[in-house]
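Right, one structure below, let's go through it.
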Amino acid sequence: MRPKRLDPRSGCSVEVTLSVVGGIWKPTILFHLFTGKKRFMELTRAIPNATQRMLTLQLRELEADGIIVRHVFPQIPPKVEYEISPSGQSLGPLLVSLREWGLHYRNSTQGASQQKHNHGNEVGARPLNSCMVKSRAMGR
(Lines give C-alpha, C1' and ligand atoms only; values in the text may rest on other atoms or scores of the structure.)
Protein backbone atom coordinates (compact mmCIF):
# COMPACT_ATOMS: atom_id res chain seq x y z
CA MET A 1 0.00 0.00 0.00
CA ARG A 2 1.27 3.45 -0.83
CA PRO A 3 2.26 5.35 2.34
CA LYS A 4 0.40 8.57 1.52
CA ARG A 5 -2.89 6.65 1.45
CA LEU A 6 -2.85 6.05 5.19
CA ASP A 7 -1.90 9.56 6.21
CA PRO A 8 -4.87 11.82 5.48
CA ARG A 9 -4.37 15.26 6.97
CA SER A 10 -7.92 15.54 8.23
CA GLY A 11 -8.13 12.02 9.67
CA CYS A 12 -11.29 11.45 7.64
CA SER A 13 -11.96 7.89 6.46
CA VAL A 14 -13.79 9.27 3.40
CA GLU A 15 -10.54 10.95 2.40
CA VAL A 16 -8.71 7.60 2.66
CA THR A 17 -11.39 5.88 0.57
CA LEU A 18 -11.27 8.54 -2.12
CA SER A 19 -7.49 8.45 -2.19
CA VAL A 20 -7.69 4.74 -3.07
CA VAL A 21 -10.65 4.64 -5.49
CA GLY A 22 -10.59 8.25 -6.62
CA GLY A 23 -9.18 9.03 -10.00
CA ILE A 24 -10.71 9.66 -13.35
CA TRP A 25 -10.53 6.03 -14.51
CA LYS A 26 -10.24 3.90 -11.36
CA PRO A 27 -13.97 3.30 -10.78
CA THR A 28 -14.45 2.46 -14.47
CA ILE A 29 -11.49 0.08 -14.42
CA LEU A 30 -12.90 -1.62 -11.34
CA PHE A 31 -16.35 -1.98 -12.92
CA HIS A 32 -14.80 -3.77 -15.89
CA LEU A 33 -12.67 -6.01 -13.67
CA PHE A 34 -15.66 -7.07 -11.58
CA THR A 35 -16.86 -9.11 -14.56
CA GLY A 36 -13.63 -11.14 -14.52
CA LYS A 37 -9.96 -11.08 -15.41
CA LYS A 38 -8.98 -8.69 -18.17
CA ARG A 39 -5.84 -8.19 -20.20
CA PHE A 40 -4.47 -4.69 -20.62
CA MET A 41 -5.65 -4.32 -24.21
CA GLU A 42 -9.16 -5.48 -23.23
CA LEU A 43 -9.27 -2.64 -20.72
CA THR A 44 -7.91 -0.22 -23.32
CA ARG A 45 -10.70 -1.17 -25.72
CA ALA A 46 -13.33 -1.05 -22.98
CA ILE A 47 -12.26 2.45 -21.90
CA PRO A 48 -11.39 4.16 -25.19
CA ASN A 49 -11.22 7.71 -23.79
CA ALA A 50 -8.36 6.82 -21.43
CA THR A 51 -4.83 6.92 -22.76
CA GLN A 52 -2.67 3.84 -22.32
CA ARG A 53 -0.35 5.82 -20.06
CA MET A 54 -3.22 6.92 -17.80
CA LEU A 55 -4.60 3.38 -17.62
CA THR A 56 -1.15 2.08 -16.74
CA LEU A 57 -0.75 4.66 -13.95
CA GLN A 58 -4.21 3.99 -12.52
CA LEU A 59 -3.69 0.19 -12.67
CA ARG A 60 -0.34 0.54 -10.88
CA GLU A 61 -1.94 2.61 -8.11
CA LEU A 62 -4.78 0.11 -7.69
CA GLU A 63 -2.24 -2.71 -7.55
CA ALA A 64 -0.05 -0.86 -5.04
CA ASP A 65 -3.12 -0.31 -2.84
CA GLY A 66 -3.99 -4.02 -2.97
CA ILE A 67 -7.29 -3.48 -4.80
CA ILE A 68 -6.33 -5.45 -7.90
CA VAL A 69 -3.88 -8.24 -8.64
CA ARG A 70 -1.60 -8.23 -11.67
CA HIS A 71 -0.60 -11.58 -13.16
CA VAL A 72 2.39 -11.64 -15.51
CA PHE A 73 2.86 -14.71 -17.69
CA PRO A 74 6.45 -15.41 -18.83
CA GLN A 75 5.92 -15.64 -22.56
CA ILE A 76 6.64 -13.66 -25.69
CA PRO A 77 4.83 -11.40 -26.28
CA PRO A 78 4.27 -10.74 -22.58
CA LYS A 79 0.81 -11.50 -21.25
CA VAL A 80 -0.54 -9.55 -18.30
CA GLU A 81 -3.94 -10.02 -16.68
CA TYR A 82 -5.63 -7.97 -14.00
CA GLU A 83 -8.32 -9.05 -11.56
CA ILE A 84 -10.01 -7.78 -8.42
CA SER A 85 -8.21 -8.84 -5.24
CA PRO A 86 -10.10 -10.31 -2.28
CA SER A 87 -9.72 -6.92 -0.58
CA GLY A 88 -11.02 -5.16 -3.69
CA GLN A 89 -14.15 -7.34 -3.73
CA SER A 90 -15.44 -5.30 -0.80
CA LEU A 91 -15.69 -2.26 -3.11
CA GLY A 92 -18.53 -3.84 -5.13
CA PRO A 93 -21.39 -2.31 -3.11
CA LEU A 94 -19.63 1.08 -3.07
CA LEU A 95 -19.27 1.07 -6.87
CA VAL A 96 -22.89 0.03 -7.36
CA SER A 97 -23.98 2.86 -5.04
CA LEU A 98 -21.84 5.33 -7.00
CA ARG A 99 -23.36 4.11 -10.26
CA GLU A 100 -26.90 4.41 -8.90
CA TRP A 101 -26.22 7.91 -7.58
CA GLY A 102 -24.72 8.93 -10.93
CA LEU A 103 -27.68 7.51 -12.83
CA HIS A 104 -30.12 9.36 -10.58
CA TYR A 105 -28.14 12.60 -10.82
CA ARG A 106 -27.78 12.35 -14.60
CA ASN A 107 -31.49 11.64 -15.02
CA SER A 108 -32.51 14.49 -12.75
CA THR A 109 -30.22 17.04 -14.42
CA GLN A 110 -30.94 15.86 -17.95
CA GLY A 111 -34.61 15.60 -17.14
CA ALA A 112 -34.67 19.22 -16.06
CA SER A 113 -32.70 20.21 -19.16
CA GLN A 114 -34.97 18.15 -21.45
CA GLN A 115 -38.10 19.63 -19.90
CA LYS A 116 -36.73 23.08 -20.54
CA HIS A 117 -36.10 22.20 -24.21
CA ASN A 118 -39.22 20.08 -24.74
CA HIS A 119 -41.54 22.43 -22.85
CA GLY A 120 -42.69 19.68 -20.50
CA ASN A 121 -42.65 16.68 -22.87
CA GLU A 122 -41.88 13.40 -21.10
CA VAL A 123 -38.29 12.18 -21.35
CA GLY A 124 -37.90 8.64 -22.73
CA ALA A 125 -36.00 5.78 -21.11
CA ARG A 126 -32.24 5.66 -21.52
CA PRO A 127 -30.44 2.65 -23.02
CA LEU A 128 -28.23 0.48 -20.84
CA ASN A 129 -24.67 1.66 -20.56
CA SER A 130 -21.61 -0.42 -19.73
CA CYS A 131 -21.73 0.47 -16.02
CA MET A 132 -25.31 -0.77 -15.74
CA VAL A 133 -24.40 -4.04 -17.45
CA LYS A 134 -21.37 -4.45 -15.20
CA SER A 135 -23.41 -3.85 -12.04
CA ARG A 136 -25.79 -6.61 -13.08
CA ALA A 137 -22.79 -8.91 -13.40
CA MET A 138 -21.80 -7.89 -9.85
CA GLY A 139 -25.16 -9.16 -8.58
CA ARG A 140 -27.10 -5.89 -8.41
Ser19 versus Val16, closest heavy-atom pair with distance: OG-O, 2.7 Å
Would you mind reporting whether Tyr82 and Arg70 have side-chain heavy atoms less than 4.5 Å apart? yes
Which atom names give the shortest non-hydrogen contact between Phe34 and Leu95, and what distance separates them? CE1-CD1, 3.5 Å
Restricting to non-hydrogen atoms, name the atom on Gln58 and the atom on Trp25 that form the minimum distance, rounded to 0.1 Å. OE1-N, 3.2 Å
Qualifying residues under side chain to side chain contact (heavy atoms under 4.5 Å, CB included), relative to Val69, sequence neighbours excluded: His71, Glu83, Ser85
Between Arg39 and Glu42 the two heavy atoms that sit nearest each other are N-OE1, 2.7 Å
Do side-chain atoms of Thr35 reach the backbone of Phe31 as a donor and acceptor pair under 3.5 angstrom? no
List the steps, then state whether side chain to side chain contact (heavy atoms under 4.5 Å, CB included) holds for Leu91 with Leu94. CA-CA 5 Å; Leu91 290 171; Leu94 173 69; 3.7 Å; yes
Quick one: are Met41 and Gln52 in side-chain contact, heavy atoms under 4.5 Å? yes
Check whether Leu43 and Leu57 end up in the same hydrophobic cluster, where Ile, Leu, Val, Met, Phe, Trp and Tyr are linked by side-chain heavy atoms less than 4.5 Å apart. no
Using every non-hydrogen atom in the two residues, find where Val21 and Lys26 come nearest and quote the distance to one decimal. O-CB, 3.5 Å
Examine Phe73 and Leu59 and state if one hydrophobic cluster contains both, with Ile, Leu, Val, Met, Phe, Trp and Tyr joined whenever side-chain heavy atoms are less than 4.5 Å apart. no
Quick one: list whatever passes ring pair (Phe, Tyr, Trp, His ring centres under 6.0 Å) with Tyr105, sequence neighbours left out. Trp101
Using the test salt bridge (Lys or Arg N to Asp or Glu O under 4.0 Å), find all partners of Lys79 that sit at least two apart in sequence or belong to another chain. Glu81
Nearest heavy-atom pair of Leu33 and Ile68: which atoms, and what distance? CD1-CG2, 3.7 Å
